[in-house]
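We name chains A, B, ... by the order of the sequence lines, and we start the count at 1 in each one.
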Amino acid sequence: MTTIGAMFGDVFKSLFKKPVTEKYPFERKPDPERLRGKLFWDAEKCTGCQLCVRDCPANALELIVIDRASKKFVMKYHAERCTFCNQCVFSCKFGCLNLSHEDWELASLQQEPMTISYGREEDIKFLLEKAAQPDNPETEKECK
Amino acid sequence: MLLGMAYEFFDRKLVARYQNRIGPRWFQPMADMIKLLAKEEIIPDGVNKGLFIFLPILGFAAALTSALYIPMLGFAPAFSFRGDLVVVVYMLSVMTICLGLAGANTVDRFSIIGATRTLTQLFSYEAPFLLALLAPALAAGSWQISEINTYAHNNLWMILTQPIGFLVALIALMGKLELPPFDAPEAETEIVSGALTEYSGRGLALFRLGKDVELVIGLTLIAAFYLGGLANPLDFILKTLGLLLVVALLQSLFARLRIDQTVGMWWRVGALLALVQLLIIVIARLL
Amino acid sequence: MQESKEKFIVPIGPQHPALKEPGHFEFTVDGETVTSATIRLGFVHRGIEKMAESRTYIQNLYLFERICGICSHVHATAFASGVEKLAGVTVSPRVKAIRTLFLELERIQSHLLWLGVAAHEGGFDTLFMYSWRDRETVMDIHETISGNRVHHSVNLIGGVKFDITPEQVKKSLKGLDFLEERAKYYEKVVTTDETFLGRTRNVGTMTKEQATVLSAVGPTARASGVQRDVRVESPYAGYPEYPVNIVLDEGGDLSARFIVRIKELYECFRICREILKNLPEGELSVKVPRRIPAGEVVSRVEAPRGELFYFIKSNGGETPERVKVRTPSLCNWSTISSVAVGHKLADMPMLLVGIDPCFSCNDRLVTVRQANTSQTMYWEDLRKYGVEYYK
């Protein structure tokens with residue numbers, strides 16, 4: 001039995017229903033807990049094994065060793081290369097990494113906000129001073 | 001012209017609402033026209049330059065001229081003389097023929113296929129449209145639009161006395177304007193825009209404006225004839241918008257028909273129905 | 001641009017509003033009837049198989065997931081299960097069940113997407129909008145459980161990443177109920193709407209013999225009555241515990257393909273519900289060494305479009321030696337060039353979309369071998385062949 005206009009009921013009712021389009025910047029749906037957003041690194045727990053750096057499919061992580069014995073590291077995270085795959089979170093045996101579920105609107109117009117350095121305050125400052133004087137190759141060992 | 005754009009906006013918004021989404025904002029068609037007019041017009045190789053530039057202008061002019069003879073916004077038409085119904089319908093066909101010629105003009109394959117489809121569809125839908133409009137003319141006893149308008153206003157709404165004619169007129173209008181489901185000549189997924197493929201900038205803007213004006217004219221004609229005349233602006237707006245509701249509903253309900261299906265179905269069914277309607281009127285007058 | 005007598009060559013070319021992805025088709029047209037068709041692919045070749053040779057297995061897992069956006073989980077599962085077989089590791093039943101759940105959820109999403117796109121090609125935009133609106137429900141389920149709408153990244157080599165909590169189970173069950181109602185509605189629309197049937201009935205009819213000879217796979221073959229379904233023939237992942245009933249249709253034309261895919265949706269709902277209600281116990285992942293022992297393994301899974309075939313060869317190191325992927329859309333193209341003749345031009349886009357082409361999956365190297373000759377091409381041979389071809 002064929003009819004003409006089989007979708008009539010639905011289509012007509014839609015005149016009276018609210019449209020489903022979400023007016024994005026003004027209305028947002030709540031984020032699910034498992035949403036994979038920006039990566040965060042906890043410097044306290046890291047032991048410098050670099051499994052995360054090795055396993056990243058996009059080479060988005062770099063660990064800069066300042067002092068291996070006292071566990072001073074700085075991690076550089078390239079957000080523009082990251083595919084948010086979650087592999088680093090599972091490779092790390094000490095739970096240093098996690099992908100936030102609130103911070104996911106990462107678009108930007110310039111390059112700088114995309115490269116994020118994580119670490120303790122003094123380590124990052126040390127690195128920036130090192131970068132200002134580029135010819136001291138001993139303490140800075142960049143891996144991968 | 002402004003009315004044309006306003007109606008295009010209503011049409012798009014209604015179709016969007018039927019599909020359960022928000023449509024464009026009120027100034028969208030105007031923004032489209034301004035953008036198109038500001039763009040460069042690219043004239044492809046191998047085309048008759050004069051014709052290429054001239055055809056959109058001709059089509060648009062024809063559409064606007066016919067607008068002079070119909071009761072827009074409920075006011076009496078600017079000019080009117082006996083037999084202006086035929087002139088109006090003729091002018092509307094000129095618009096479609098321009099479209100077809102424009103497509104046949106270019107060397108591009110898609111346009112040629114689109115042009116053949118437009119012309120084929122033109123033949124099958126003009127005739128029933130004219131016949132369907134003829135029925136009220138016969139009932140009113142004249143060929144002048146303003147007189148038919150007053151006649152319709154004074155008597156019972158003709159949609160009730162001539163329902164078949166109304167249906168035929170509505171569907172024929174959709175076919176003439178190439179609205180879905182009869183948009184085979186301009187099938188986006190098959191032949192990239194059909195006859196209008198090579199047009200850009202000014203030419204495209206004029207063609208689209210012409211189509212919008214045609215939409216308004218067609219709706220006004222049907223409202224004037226079948227829905228009991230248009231006496232004042234409020235009447236005009238209510239009746240034409242009501243018609244637009246129905247047209248938008250029909251637009252969203254169906255899948256696109258192939259060109260052989262549209263022509264095949266309509267030549268038999270449509271023309272027949274219109275003739276039947278005419279016969280009824282003739283017989284009724286004779287009695 | 002050639003115009004000889006009354007024959008036209010209409011290109012549905014790399015850039016066209018009908019195709020969502022590039023591919024070049026040339027139809028020789030006489031009026032509105034098609035007299036011959038040729039196909040040319042290769043516009044989206046990204047060199048994935050070569051890239052895989054210089055990355056470790058863990059990195060490759062994500063590379064293969066991104067061959068296609070719609071069938072991403074299937075690729076990842078095929079690769080992961082292949083590598084696990086090479087390493088001699090078996091995963092727990094819970095892992096298998098979760099992988100199967102995602103496979104079926106992805107099938108739902110893919111079929112709904114296809115329904116919308118096919119309706120759009122036929123000019124039926126309303127059905128397109130509605131089916132994609134309902135597809136959002138499946139995407140929401142995906143996002144709640146795995147964290148992303150496509151590219152779920154559920155798999156690890158040796159297991160899955162996370163578990164399913166009871167609230168997620170409840171939410172998914174509610175979503176599945178809503179989708180089942182809508183699927184029933186779409187079945188009604190697709191089989192009874194007169195205008196739609198006018199576009200799909202008796203278009204692209206392929207008999208059972210033709211389908212077998214042309215090696216069609218997936219729903220395209222099942223719509224012609226050919227019994228080909230990897231989930232039934234050689235079950236993998238969780239399918240031995242949650243068996244699938246094969247869905248067949250004898251029509252062979254476009255409307256049969258619509259019906260087959262919608263009926264498969266019902267099967268997916270049933271299996272998803274079974275899995276969600278009885279998730280077996282087991283641990284979530286098993287340790288797999290980084291160096292995989294040498295060997296070759298073949299891994300076949302059923303993607304939403306047909307049979308997906310992976311060949312993985314390892315030489316004992318950290319990176320694979322060769323991975324070969326044969327995607328289902330590649331098999332279905334030959335059905336078009338033989339079936340298209342005699343149809344109207346307006347049917348071409350519908351035919352093309354009826355086999356559910358996924359162009360990104362497609363660009364691999366295909367060699368057609370004559371009867372008994374074997375052809376082993378080395379790097380130099382390949383380059384020579386390429387240079388000759390393009391001269």
Side-chain angles (χ1 to χ4, degrees), chain A residues 1-15 17-22 24 28-39 49-61 81-93 95 97-104 144, chain C residues 51 55-66 76 119 124 126-127 129-130 132-134 136 140-149 151-162 164-165 167-168 171 182 185-186 188-198 201 284-285 290 318:
Chain A
M1 190 207 68
T2 58
T3 57
I4 300 207
M7 290 197 74
F8 182 71
D10 243 3
V11 167
F12 194 62
K13 270 191 283 194
S14 297
L15 252 192
K17 281 199 283 209
K18 212 163 95 59
V20 252
T21 322
E22 194 183 291
Y24 170 56
R28 271 164 227 246
K29 282 208 225 168
D31 315 317
E33 278 173 22
R34 293 212 181 145
L35 184 66
R36 305 202 288 256
K38 199 164 82 167
L39 183 75
C49 67
Q50 297 205 26
L51 274 177
C52 54
V53 178
R54 235 185 291 172
D55 279 342
C56 178
N59 297 336
L61 293 173
R81 296 186 207 163
C82 176
T83 57
F84 307 103
C85 64
N86 232 345
Q87 175 66 42
C88 48
V89 175
F90 285 87
S91 296
C92 178
K93 301 197 201 37
L97 292 159
N98 76 300
L99 279 128
S100 121
H101 67 95
E102 277 142 16
D103 206 355
W104 47 272
K144 187 94 183 216
Chain C
M51 277 204 277
R55 286 169 163 70
T56 65
Y57 284 96
I58 299 188
Q59 289 175 329
N60 272 333
L61 185 62
Y62 298 100
L63 179 67
F64 282 110
E65 203 181 45
R66 281 154 176 78
F124 202 178
T126 316
L127 185 58
M129 298 287 170
Y130 277 90
W132 278 48
R133 178 196 73 179
D134 298 328
E136 291 295 312
D140 282 340
I141 298 182
H142 276 152
E143 208 176 11
T144 324
I145 306 187
S146 77
N148 204 354
R149 285 154 54 103
H151 293 323
H152 319 122
S153 300
V154 177
N155 281 320
L156 281 173
I157 302 203
V160 289
K161 289 198 174 108
F162 40 66
I164 306 187
T165 65
E167 301 93 58
Q168 288 168 351
K171 185 162 183 255
R182 296 299 299 175
Y185 179 67
Y186 291 133
K188 190 169 73 100
V189 168
V190 160
T191 48
T192 62
D193 189 64
E194 185 64 46
T195 54
F196 203 62
L197 280 175
R201 208 177 3 207
L284 282 183
S285 73
R290 277 174 187 257
E318 275 199 17

Portion of A:Pro32 that has a non-hydrogen atom of chain C nearer than 4.5 angstrom: side chain
Contact origin within C:Phe196 toward chain A - heavy atom pairs under 4.5 Å: neither
Distance, nearest 0.5 Å, that separates CG of A:Asp55 from CZ of C:Arg290: 4.0 Å
Engaged part of C:Arg149 at the chain A interface, taking heavy atoms whose separation is under 4.5 Å: neither
Least distance between heavy atoms, A:Arg34 atom then C:Thr165 atom: NH2-CG2, 4.0 Å
Atom group of C:Glu65 that falls short of 4.5 Å from chain A, counting heavy atoms: neither
Test side chain to side chain contact (heavy atoms under 4.5 Å, CB included) applied to C:Thr56 and A:Arg54, step by step: CA-CA 9 Å; C:Thr56 65; A:Arg54 235 185 291 172; over 6 Å; no
Spacing of CD belonging to A:Gln87 relative to CD1 belonging to C:Ile157, to within rounding of 0.5 Å: 8.0 Å
From C:Leu156, C:Leu284, C:Ile58, residue fulfilling side chain to side chain contact (heavy atoms under 4.5 Å, CB included) relative to A:Phe90: C:Leu156
C:Ser153 versus A:Cys85, closest heavy-atom pair with distance: CB-O, 3.4 Å
From CA spacing to verdict: side chain to side chain contact (heavy atoms under 4.5 Å, CB included), C:His152, A:Asn86: CA-CA 10 Å; C:His152 319 122; A:Asn86 232 345; over 6 Å; no
Residue, of C:Tyr130, C:Tyr62, C:Tyr186, C:Phe162, that accumulates the most heavy atom pairs under 4.5 Å with chain A: C:Tyr62
Residue selection (most heavy-atom pairs with chain C, distance under 4.5 Å) from A:Val89, A:Asp31, A:Thr83: A:Thr83
Under 4.5 Å from a heavy atom of chain A, the part of C:Asp140 involved: side chain
Reported NE2-to-CD distance for the pair A:His101 and C:Glu143, which is rounded to 0.5 angstrom: 12.0 Å
